[in-house]
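Basis for what follows: all heavy atoms, side chains included, without hydrogens, waters or symmetry-related copies.
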Amino acid sequence: MQHIPDLGKNSLGKPDPWAKFRGLAWWQLVLSIVPILLLPVGGAIGGAIGAAGLFANLSLARKPFGTPVKLLAMLGVVLASYLGYFLVVGLVYNLLKG
C-alpha cells in the first residue's frame, strides 16, 4: 500500500505554514499577497480585510477554473478588499467625527 505524504506537514511532521503558497504560479502568488498589503496602511481593520482577501484568493487559486476566469475572480477579490477597506474606514471616520 502506498503512503501519500501530507503536503501540509514538513519533514519533521510539523505544520508547514507555507504549504498553501507552494505550487502556485507567480501571478497567483502576487494576487494572493496584494490584499494583505492593507495591513501596514490600515492597521487592524486593514489587516483583517487583507487577510480575508488573501485567504479568498488562495482558495480561488486552487479551484479548477480556467486561467482567465481565475484571473478575473482574483482581481475582483483584490478590488473588493481595497474598496471594502475604504468603505469601512469612511464609515468609522464619519461615525467618530460626527
I need the [X] [atom1] to [Y] [atom2] distance, nearest 0.5 Å.
| X | Y | atom1 | atom2 | value |
| --- | --- | --- | --- | --- |
| L24 | N57 | CG | CG | 10.5 Å |
| S32 | L58 | OG | CG | 4.0 Å |
| L71 | L60 | CG | CG | 11.0 Å |
| I49 | L39 | CD1 | CG | 11.5 Å |

Could you pull out the closest heavy-atom pair between [X] and [Y], with the gap in Å?
| X | Y | answer |
| --- | --- | --- |
| I36 | A51 | CD1-N, 3.5 Å |
| R22 | R62 | O-NH2, 2.6 Å |
| A25 | Q28 | N-OE1, 2.9 Å |

- Between W27 and T67, is a side-chain contact (heavy atoms from CB on, under 4.5 Å) present by the stated rule, with each step listed? CA-CA 11 Å; W27 60 271; T67 301; 3.7 Å; yes
Any chain of hydrophobic side-chain contacts (each under 4.5 Å) joining [X] to [Y]?
| X | Y | value |
| --- | --- | --- |
| V41 | Y93 | no |
| L54 | V88 | no |
| L31 | W26 | yes |
| L37 | L75 | yes |
| Y85 | L91 | no |

- Are any of the side-chain heavy atoms of L87 and Y82 separated by less than 4.5 Å?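 A side-chain contact under 4.5 Å is absent here.
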- Query: Given side chains that start at C-beta, do those of F65 and M74 come closer than 4.5 Å, heavy atoms only?
  - Reply: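 Of all side-chain heavy-atom pairs linking M74 with F65, none is under 4.5 Å.
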- Query: Testing L83, V77, V78, L79 for side-chain contact (heavy atoms from CB on, under 4.5 Å) with S81, which one passes?
  - Reply: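 With S81 as partner, L83, V77, V78, L79 yield a single side-chain contact (heavy atoms from CB on, under 4.5 Å), made by V77.
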- Message: When you measure from the side chain of K70 to the backbone of K63, do you find a donor-acceptor pair of N or O atoms at a distance under 3.5 Å?
- Response: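 Yes, K70 side chain to K63 backbone: donor-acceptor pair under 3.5 Å.
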